[in-house]
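Order of the sequence lines fixes the chain letters, A, B, ..., with proteins taken first and strands second; residue numbering starts at 1 for each chain. Side-chain atoms are counted along with the backbone in the values below, which use heavy atoms only and exclude waters and symmetry mates.
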2 protein chains.
Amino acid sequence: MAISDRKLREKEDLKKRILEAAKVLFLEKGFEATSMRNIAERVEFSPTTLYLYYKDKNDIVYALHQEGFKLLAQQFRIISNVEHPYERLKTMGRIYLQFAEENPDFYELMFVRQGPILHVQKHNRDDWEEGSRTYNVLYETVIECQNEGYFKDLLPHNVSLIVWSTLHGMCTLHMHMRLDCVKFEDDYEVDPEKSRPEYIYETFMAFLERLK
Amino acid sequence: MAISDRKLREKEDLKKRILEAAKVLFLEKGFEATSMRNIAERVEFSPTTLYLYYKDKNDIVYALHQEGFKLLAQQFRIISNVEHPYERLKTMGRIYLQFAEENPDFYELMFVRQGPILHVQKHNRDDWEEGSRTYNVLYETVIECQNEGYFKDLLPHNVSLIVWSTLHGMCTLHMHMRLDCVKFEDDYEVDPEKSRPEYIYETFMAFLERLK
DNA sequence: CAAATATACTTAACACTGTTAATAAATCAA
DNA sequence: TTGATTTATTAACAGTGTTAAGTATATTTG
């Protein structure tokens, strides 16, 4: 059965090549701008061939969305080195911001676009595996923070969701250019190395600091 | 010149009717799903006629985006009744959340979609009038809060942006169905009247409360 | 070995999309 | 009434996601 094995391997290979081509094009021109025909051209197959490997365009988008979560999970792996839970929480936030800054297209796919979510809903399971696993990293950290006396008398889910919301809000307002109208340069010296969200994040962390 | 006046009035009228038709369709099926031909059919004109009144589709989207801001500004008018600045800040947040909940399509247009922003950029002025005016309502309130002793030693812009980011993050994570995987019903009794963001908002306000 | 079947892929087509160029009809000014 | 201007239309372009039908090639079966 070595032959059919090779066949299967080649099939899997093409599936990956399609995804890779899609990724390159998505990152290059955004998804709105990349069509099935574009992807097909890049892998040098006819457009309809893609449908033999992916159900539809959303199926490709969803595969990319999953890659994004793997990437983020990889970045998060660093935090296990941070002993103190509160410091760990702060580090997580910084990593999250950095990820959004460096991979805006992935971020959009993972947390904004409805395409991937529609795919999840269509394929019956209502739990969004990648999402909830990532969320749990935050949730566990918050609980550990509470064990150390932080965020007293607050529900851990609420605290987690506030932290996530703030980070997500900062990232998306920035990405979607809704902060451009707020010129707060006159407030203080601007360090060109730091992004707008990073500035706000510092203040946010100062906020949390006072709660101890 | 009464005749040419009437002509001008009729022209303006059709322009408004197009916008109205677009609004109805957008709210009914979302923008992705409504085409120029759909709008044209509804006003009973040929598709190309729309281009005599609006430069392109983004032009229509932008007009709607502006309507959204008028609507929000209208809701915000209530807050002038609230004496105490911190109470006013809290009220603003609640109004913002409510607006997003009741007008998700407008919200998307105003704070997420890039269509309207592209329109602003194309037409040269880099200041986003509606946006910065709305932001300033928040900013002024934060400054007044600081005059009363709140948010000590923090830059008013940073505080404003954190509040906005948190609200925006809550709204969009909810709207884009990214909170569905977080089942936190077991934490406490769920009041079906209150939305997820409202719950989190209460905790967020409790956060701020502790800073005084 | 030859016929039947299954696999992998392509061509052609459908029903859309936003948008533009060319054209016709209506209204206005001379 | 003629000519110019405004207003609306038809036809078309280049593109989209997606499906049905057809075509080679390779594999299995009689």
Rounded interatomic separation in angstrom, taking CG from B:D59 and C1' from C:dG18: 14 Å
Exercise: identify the closest heavy-atom pair between B:L138 and B:S160: CD2-O, 3.4 Å
A:I39 CD1 to D:dT18 C1', straight-line distance once rounded to whole Å: 14 Å
Nearest-Å distance for atom pair CG/P, residues A:L52 and D:dT18: 14 Å
Validation row: B:N158, B:F151 side chains within 4.5 angstrom (heavy atoms): no
A:N136 side chain vs A:Y139 backbone, donor-acceptor pair below 3.5 Å: no
Contact under 4.0 Å: A:T49 side-chain N or O vs C:dC9 OP1/OP2: no
B:H119 and B:Y62 aromatic ring geometry - parallel, tilted or perpendicular at 30°/60° bounds: parallel
Distance in angstrom units between B:M36 CE and D:dC13 P, rounded: 21 Å
Terminal helix-axis angle for the helix from C:dC1-D:dG30 to C:dA30-D:dT1, with five pairs defining each axis and rounding to 10 degrees: 30°
Collect all protein-nucleotide pairs involving nucleotides 11-15 of chain C in which both atoms are nitrogen or oxygen and the distance is under 3.5 Å.
| unit_1 | atom_1 | unit_2 | atom_2 | d |
| --- | --- | --- | --- | --- |
| C:dT11 | O4 | A:T48 | OG1 | 3.3 |

Parallel, tilted or perpendicular: ring planes of A:F111 versus A:F69, cut at 30 and 60 degrees: perpendicular
B:R17 and B:E44 ion-paired at < 4.0 Å: no
Interatomic distance where OH belongs to A:Y51 and C1' belongs to C:dC9 [whole Å]: 15 Å
B:T166: partners by side-chain hydrogen bond (donor to acceptor under 3.5 Å, both in side chains), with sequence neighbours left out: A:T166
Between P of D:dT7 and CG of B:D13, the distance in whole Å: 14 Å
Spacing between B:K57 atom NZ and C:dT19 atom C1', to the nearest angstrom: 12 Å
C:dC9 phosphate, OP1 or OP2, under 4.0 Å from A:Y53 side-chain N/O: yes
Parallel, tilted or perpendicular, as decided by the 30° and 60° cut-offs, for the rings of B:Y96 and B:Y107: perpendicular
Sugar-phosphate, base or nothing in reach of A:F45, heavy atoms under 4.0 Å: sugar-phosphate
Rounded distance (Å) that lies between atom C1' of D:dG15 and atom CG of A:N38: 10 Å
Minimum-distance pair of heavy atoms, taken over all atoms of A:L89 and A:T141: N-CG2, 3.8 Å
